[in-house]
Amino acid sequence: MDFSTFYPVRRVPLLARNVVATSQPLAAQAGLSMLHAGGNAVDAALAAAITLTVVEPTGNGVGSDAFAIIWDGSELHGLNSSGRSPAGWTPARFAGGSAMPQRGWESVTVPGAVAAWIELSERFGTLPFEALFAPAIRYARDGFALSPTVATVWAKGAEALKDQPGFADHFMPDGRAPRAGELFRNPDLARTLEAIAESRGRALYEGALAEALVANATQHGAALTLDDLAAHQADWCGTLSTSFAGAELHEIPPNGQGIAALMALGILRHTQLADHAPDSVQSMHLQIEATKLALADLDRYVSDPATMQVSYDALLEDDYLASRAALIGTTAGDPGAGAPKAGGTVFLTAADEAGRMISFIQSNYSGFGSGVVVPGTGIHLQNRGSGFTLEPGHPNEVGPRKRPFHTIIPGFVMRDGAPAMSFGVMGGPMQAQGHVQMMVRTALHGQNPQAASDAPRWRVTEGRELAIEWEMPSETVDGLGALGHSIKREAPDNAFGFGGAQLIARTEAGYVAGSDHRKDGCAVGF
């Protein structure tokens with residue numbers, strides 16, 4: 001069967017009182033089944049997240065990290081469950097290299113996603129922890145038909161990672177990546193998920209699974225120890241926020257890049273952005289330039305909060321952001337960092353009729369992550385350690401028991417003290433940029449979640465270089481080019497480069513959800 005998409009995609013938003021929106025339909029249905037069983041939005045999100053480790057392994061797995069923002073009906077909470085580096089990761093270990101390893105065991109930090117599942121379930125869930133695993137275990141044991149989008153990414157990942165420890169044996173049955181529509185079974189992962197469910201995660205951090213991870217790490221000369229795994233904890237970190245167009249965007253504090261979206265919107269407050277239509281050349285130019293300024297500061301200052309050399313408040317201080325806005329000219333710029341005062345991913349969101357909402361993201365980072373698969377477990381591990389730098393003295397320099405700079409960020413919007421929208425945009429460096437674009441479209445211009453998701457996007461790459469989605473109108477592309485932006489119009493098969501978005505907006509009648517065609521995005525509800 002030919003799985004090509006022959007015609008332009010047109011979607012309408014979902015309207016319902018209970019909603020789950022994810023990057024894969026089977027995971028969305030798994031979440032919805034928890035709501036039908038009497039669970040709440042957090043139960044639904046966790047079941048979807050656990051199922052995604054099976055049906056979309058190209059972006060996440062048991063070896064992922066995770067972040068979440070939760071509205072519990074009366075209060076907003078932020079959770080950081082990104083893993084820290086092994087205690088043996090001193091700068092001396094990587095001396096002589098020009099950059100951190102991108103693949104293999106030397107890119108692996110402690111996986112944090114399972115700890116996030118435990119924390120969220122214990123604090124906010126209503127269903128038994130084991131019940132959340134049932135759909136995922138069934139798909140892993142009995143198999144699932146591989147979706148076309150995931151199959152495409154799987155094939156690319158397999159070509160790059162086939163020589164990494166354990167990868168080919170696990171993800172390339174019969175010597176190749178499975179194709180779209182083929183049944184893929186993962187019995188090793190089914191057993192692992194059963195062990196995690198029965199032990200409430202202890203198996204991964206101090207039990208048999210932990211021992212398997214460390215044995216494989218030792219075999220390949222890696223530094224990970226049982227003490228590193230046992231020391232992991234997820235942190236309730238709250239959120240940072242900024243006001244924009246009558247709303248407040250909330251992000252998880254660093255070590256993630258959410259602060260860059262807040263900075264860019266703060267810079268845009270000091271421009272004439274509201275005078276321009278959302279798809280106009282001038283609107284996009286202002287957004288692009290503000291984003292460049294924010295990303296320059298992000299690269300220079302953001303790290304594990306314990307080693308940041310400037311405070312969050314300094315980066316978000318309004319006078320400082322106004323000074324950065326003053327640098328935006330009428331043509332494309334190539335800014336550096338300012339001087340503030342010292343001081344491959346899956347996203348899902350769920351909301352229930354009681355008013356609870358959750359924005360949740362987990363990732364292996366670069367597609368399949370490190371490429372490492374621990375034999376007999378089905379666990380493939382993220383490569384978040386590649387987010388460190390080897391630059392001496394930089395706040396994000398590699399070090400022991402330290403969180404690296406992270407790209408994955410959940411987003412949450414409040415308006416007048418009430419929840420307005422939970423959302424996220426996948427795709428590495430696209431994420432903060434995507435949050436800015438979603439906020440401009442929804443908060444400033446009132447677009448519905450599906451329209452905001454469907455609209456063609458741009459992505460700042462380096463200097464004056466700008467990637468543009470292929471659907472962007474030619475007159476817009478030409479107009480940005482006339483302003484000095486060096487434009488690359490990317491082909492439809494690189495839709496992942498612009499991230500998949502999922503959004504749920506709250507209304508008086510319930511919720512309005514949008515899901516992204518760039519992945520296998522699906523919103524379901526009742």
Side-chain angles (χ1 to χ4, degrees), residues 5 8-29 31-32 35 41 44-45 48-49 52 56 59 69 71 147 149 244-245 247 249-250 261 278-279 345-353 356-361 409-415 419-427 430-458 469 471-472 495-496 498-526:
T5 301
V9 175
R10 177 178 295 176
R11 293 188 172 191
V12 295
L14 170 73
L15 287 78
R17 293 182 177 177
N18 297 273
V19 179
V20 181
T22 78
S23 58
Q24 214 279 351
L26 296 178
Q29 293 175 59
L32 195 66
L35 290 168
L52 281 167
E56 195 176 335
I69 301 176
W71 174 259
S147 67
T149 306
F244 179 77
L249 174 62
H250 288 255
D279 296 300
T345 301
V346 296
F347 174 80
L348 59 100
T349 176
D352 62 39
E353 58 188 336
R356 289 173 289 254
M357 302 177 72
I358 176 170
S359 178
F360 183 92
I361 196 163
I409 51 173
F412 204 98
V413 181
M414 299 285 290
R415 191 182 293 273
M421 185 170 73
S422 54
F423 78 106
V425 180
M426 296 161 270
M430 179 66 204
Q431 294 185 48
Q433 305 186 46
H435 283 208
V436 171
Q437 293 172 63
M438 295 300 109
M439 285 295 291
V440 170
R441 292 187 176 280
T442 60
L444 181 59
H445 296 291
Q447 291 187 354
N448 74 70
Q450 190 61 59
S453 174
D454 287 345
R457 299 181 195 144
W458 47 265
E469 231 172 345
E471 301 101 324
M472 191 80 75
F496 266 38
F498 296 93
Q502 316 293 336
L503 309 91
I504 299 178
R506 188 178 183 182
T507 69
E508 291 184 2
Y511 302 100
V512 179
S515 60
D516 206 314
H517 66 274
R518 294 166 183 85
K519 295 187 82 174
D520 294 323
C522 177
V524 293
F526 63 91

Any side-chain heavy atom of [X] within less than 4.5 Å of one from [Y]?
{"X": "V413", "Y": "F423", "result": "yes"}
{"X": "S23", "Y": "L52", "result": "yes"}
{"X": "V12", "Y": "Q450", "result": "no"}
{"X": "V346", "Y": "K519", "result": "yes"}
{"X": "P25", "Y": "D520", "result": "yes"}
{"X": "V440", "Y": "H445", "result": "yes"}
{"X": "M430", "Y": "Q437", "result": "yes"}
{"X": "Q431", "Y": "F347", "result": "no"}

* Asked: Do side-chain atoms of Q24 reach the backbone of L26 as a donor and acceptor pair under 3.5 angstrom?
  -> yes
* Distance-only, no hydrogens or angles: does the T349 side chain make a donor-acceptor pair with backbone N or O of L503 under 3.5 Å? -> no
Distance (rounded to the nearest 0.5 Å) between [X] [atom1] and [Y] [atom2]:
{"X": "Q433", "Y": "M438", "atom1": "CD", "atom2": "CE", "answer": "11.5 Å"}
{"X": "W71", "Y": "R506", "atom1": "CH2", "atom2": "CZ", "answer": "8.0 Å"}
{"X": "L348", "Y": "C522", "atom1": "CG", "atom2": "SG", "answer": "12.0 Å"}
{"X": "R415", "Y": "M421", "atom1": "CZ", "atom2": "CE", "answer": "9.0 Å"}
{"X": "T22", "Y": "F360", "atom1": "OG1", "atom2": "CZ", "answer": "12.5 Å"}
{"X": "R441", "Y": "D279", "atom1": "CZ", "atom2": "CG", "answer": "4.5 Å"}

Check [X] against [Y] and note the closest heavy-atom contact, atom names and distance.
{"X": "P456", "Y": "E469", "result": "CA-OE1, 3.4 Å"}
{"X": "A27", "Y": "A48", "result": "O-CB, 3.4 Å"}
{"X": "A247", "Y": "A443", "result": "CB-CB, 4.4 Å"}
{"X": "S359", "Y": "P410", "result": "OG-CB, 3.2 Å"}
{"X": "V512", "Y": "L15", "result": "CG2-CG, 4.0 Å"}
{"X": "T442", "Y": "A452", "result": "CG2-CB, 3.8 Å"}

* Can you list every salt bridge (Lys or Arg N to Asp or Glu O under 4.0 Å) pair that touches residues 20-29, not counting sequence neighbours? -> none
* Asked: Can you check side chain to side chain contact (heavy atoms under 4.5 Å, CB included) on F526 and L32, steps first, answer last?
  -> CA-CA 9 Å; F526 63 91; L32 195 66; 3.6 Å; yes
* **Counterpart residues, side-chain hydrogen bond (donor to acceptor under 3.5 Å, both in side chains), relative to D516 (two or more places apart)** => S453, R457, R518
